[in-house]
Visitor: 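First the structure, then my questions, so here it is.
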Amino acid sequence: MSTVISTKSSADNTALRDQLAVRSWKVPIVFAALAVFAVVVFAVFGPEGHATFRLSQEQDAWQLPDLVLPAKASGIVAALACVVLALMSYLQTKAVGRTARWVSSSFTVVFVAGFLIWIIGGTKTQNITLVGLFTGAMLIVTPLVFGSLSGVLCERSGVVNIAIEGQLLAGAFTAALVGSITGNAFAGLFAAAVAGLLVGFLLAAFSIKYLVNQIIVGVVLNVLVAGLTGFLFEKIMKIKVAGATIYNQPPHLPDLPIPVLSEIPIIGPTFFRQSVLGYLMLVLVAGIWFALFRTRWGLRIRAVGEHPQAADTMGINVNRTRFLNVLAGGAVAGVGGAYFTLVAVSSFSKDMTGGLGFIALAALIFGRWNPIGAFLAALLFGVAGNLKSILQLAVTPVDGQFLAMLPYALTILAVAGLVGKSRAPAASGIPYVKG
Amino acid sequence: MTDAQTEPAPHGNAAPTEETAPAGSAGEADLTGAAAPIKLPESGAEKDGGGKNGKNGAETGDGLIREIMTGSGLVSLLAVVVALLIGAILIAVTDSRVAAAAGYFFAQPGDTFAAMWAAVSEAYGALLRGATYDPNARTWLGQLGIFETLTFATPLILAGLAVTIAFRAGLFNIGAQGQIILGAIFAGAIGFGIELPPGIHLLAVIVGGAVGGAIWGGIAGFLKARTGAHEVIVTIMLNYIAVNLVLYLLKNQLKDPGSSNPVSPPMHQSALFPLLLGPNFRLHAGFILSVLAVIAVAWLLNRSTLGFEFRAIGANPNAARTAGMVVTRGYILVMLISGALSGLAGVAQISGTERSLDAEVAGNIGFDAITVALLGRSTPWGTFFAALLFGAFKAGGTSMAVNADVSIDIVLVVQSLIVLFIAAPPLVRAIFRIKSGPGKTKPAKNTSIVTKSTGGAAV
């Protein structure tokens, strides 16, 4: 077939491609709908007054003045930009069958900016500290990214990991317990990795060795870890010695600001004034991406996740690869769980992960099973989540609960193929039995 | 796809030594699957349920004993035993008296074991008494914990049926939680929002709750049918959307104006289930509704054309499509029914026990329902008895927390361990060194629980 095509002239080739290309109108349609929304909400019914974004903190090397935007005028600009970009998306789809990536990303940025201006302009105080928004978001983003990376490792090798929530919780609990006993935060961190690895081991043992349905194991492991940590929390962590709960006072992982970089406005406090876990997160995102898509190891893993029979034929031990990946994923999620008790707050409480493991799953899917995609999705979900908590007390045009729904709704749209097409590794969830 | 459809008989299964029996049985199950892809795993599963409660007359005595001794019945029982044992170990090692006695273990080891026994027997004794009958309690309600068991079991039965029916069509409904919330929202809006004559009002609440749940389940079914979106992902996400939706409504439209908390006004009296045993007990007519639902689902699955279609789709969607069934329609219908059943669980909550809507209306029922359905092996009556067991755990767990100072979280541990062990029969067989026995004449029976519970379908 390919040889036939290659012998034809290039004109024929284009014509053939035009015939074969499946023009998906979903993207332009979604963009058009959002643009209409932007015109109506941001522009026509936009709030009067100004939206103030405070950009700098005192520690910053150079101070930026507050960004004061006239809410309505900015809304009109954003809405017009949305309309133009939606039109471009339409034209591109008509011409080449798909929307260019830069159009999609600019549309997203413009729409989010317009949304922020609208929502801040609509509140009573009409101002927000951008640094606070982003640094607060990192409290959610960091465990989310670790959770998503765990999912990436597992699912790329063909094992669905619904137990992210349990791995995070196990990590959080163990970090608090071991950290309190040893008085050393890094011992807690290590123990958290081991705890996550143990949950991963159960997932791997039951789903790979005993061929139990992976989703069942994941669901049950979440319950098991919730019950176990809850029980031990009541039994051990509430023991008081001299009036203090000595087993629930983990030390804090110190912040390690990077010189110079940490003084850049907004970016500095968000990314370069973190604990060791924050930097580990950035390293892991880049590292796992590189390993998966640029190394032989990654190629093997993806082969196992996409077509285990073929991988097996080529001499890769499918089930051992999966087992090791699930273990690694468990350890990564466990470390992410340590963030809850060693960085975010300094004590364990029951069910403190609060469903974040499932948002991590959402970020993984929304990020198309790609470490960097998952990282960006986690950033988006984190900002949305933190915006919700910031706006909790303010009277806003849109209720915080709808912001909280955003990650879930976007994920449903993504798996339904309305916003891009999110496709899982082909063999994800299917046990491999050599035969 | 599970191995039953995609793989040819896997003779070279991973560990040939300790689990020759299960590997062989899996192989046989695959053979039957390959030979007759549309053959439904229903018969074996139904016999399990019938065998357990002794109602199945068709099963001969010899067959029944063999089934109990070698088949999944024994595995289920042993799974419960092992789970309780692990729970007992946890209770014993975390008990303060045991810790004290262990301090002089080498001087008087007997003390340690006595303390362990005391801790465990106290906890499990309180659990058992709380769930059934406690002669020492001060009130009637406290004495007859069995009725609390039934009360707790009611929503579990309904939600468990929801998961069960979806399993049988090969769908994994993790969204019972969200569907319960939606059912409760709809039922509540009718129950405290409008006035209707008695009887009609309760009926309207029940129908409304079912519709609410069906909408939420239907979304997942529709997206699965139309776009292929994986129902597990969609239902998980819908759960969290439902939680936020109810929080939003409780702050605004459905808020009780007389209260500063996010709760709804109380349900009208006419919208409540009548109490079955007078005002001293919480047991309400929702329990009868749940039993009726079990009968209805059993009929639907085993006696109706639609149920046959569901099971066929669950066993092998491609074969079902070839046989002329509309698989997409089946997905949508089964999720509508599943959602409606979960919605009824929401009605049982709001019209039975809670009596007003709050954010915690679904508790943990939606997730417990998954374990209930798995323990019940995805048969309606199996689900019923599994829900009774879990209801007993809940009722007894409260009394255990109060009387024996053992956190109710241990119940979660035991429940999840039970399901883990049941889902992996080879593991339990390995622990107890049970051979699969001579029951090989009916290979379908030895199918792994997962294949059976999901109707052998892709998850």
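Just so we're on the same page: letters track the sequence lines, and every chain starts at 1. Just so we're clear, the structure is a prediction, and the values are computed from it rather than from any experiment.
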Visitor: What heavy-atom pair brings I422(B) and A79(B) nearest, and what distance separates the two atoms?
Guide: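 Between these two residues, the closest heavy atoms are CG1-CB, 3.4 Å.
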Visitor: Is it the backbone or the side chain of I370(B) that comes under 4.5 Å from a heavy atom of chain A, or both, or neither?
Guide: side chain
Visitor: If I measure from the heavy atoms of chain A, does F367(B) come under 4.5 Å with its side chain, its backbone, both, or neither?
Guide: neither
Visitor: Chain A heavy atoms under 4.5 Å from I219(B): which part of the residue, side chain, backbone, both or neither?
Guide: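 For I219(B), no heavy atom lies under 4.5 Å from chain A.
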Visitor: Testing the basics here: between V318(A) and A311(A), what is the closest heavy-atom pair and its distance to 0.1 Å?
Guide: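 For V318(A) versus A311(A), the nearest heavy atoms are CG2-CB, 4.5 Å.
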Visitor: Taking side chain as everything from C-beta outward and backbone as N, CA, C, O, which of these in V219(A) sits under 4.5 Å from a heavy atom of chain B? Side chain, backbone, both or neither.
Guide: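 For V219(A), the contact with chain B is made by the side chain alone.
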Visitor: Counting only non-hydrogen atoms closer than 4.5 Å, does L221(A) touch chain B with its backbone (N, CA, C, O), its side chain (CB onward), both, or neither?
Guide: side chain
Visitor: Does any backbone or side-chain atom of T94(B) lie under 4.5 Å from a heavy atom of chain A? Answer side chain, backbone, both or neither.
Guide: both
Visitor: Check whether I233(B) gets within reach of chain A through its side chain, its backbone, both or neither, counting any heavy atom under 4.5 Å.
Guide: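 Only the side chain of I233(B) comes within 4.5 Å of chain A.
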Visitor: Check K235(A) against D405(B) and note the closest heavy-atom contact, atom names and distance.
Guide: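 It is NZ-O, 3.3 Å.
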Visitor: Please look at L90(B) and chain A and tell me whether the side chain, the backbone, both or neither of the residue comes under 4.5 angstrom of a heavy atom of that chain.
Guide: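 Both parts, backbone and side chain.
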Visitor: Between E231(B) and F172(B), what is the shortest heavy-atom contact and its length?
Guide: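 Closest approach of E231(B) to F172(B), heavy atoms only: OE2-N, 2.9 Å.
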Visitor: Which answer fits I236(B), side chain, backbone, both or neither, if we ask what part of it has an atom under 4.5 Å from a heavy atom of chain A?
Guide: side chain
Visitor: What part of D368(B) gets within 4.5 angstrom of chain A, counting heavy atoms only: side chain, backbone, both, or neither?
Guide: neither
Visitor: Is chain B contacted by the side chain of L232(A), its backbone, both, or neither, given a heavy-atom distance below 4.5 Å?
Guide: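 When you check distances to chain B, only side chain atoms of L232(A) fall under 4.5 Å.
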Visitor: Using heavy-atom distances under 4.5 Å, tell me whether F358(A) contacts chain B through its side chain, its backbone, both, or neither.
Guide: both
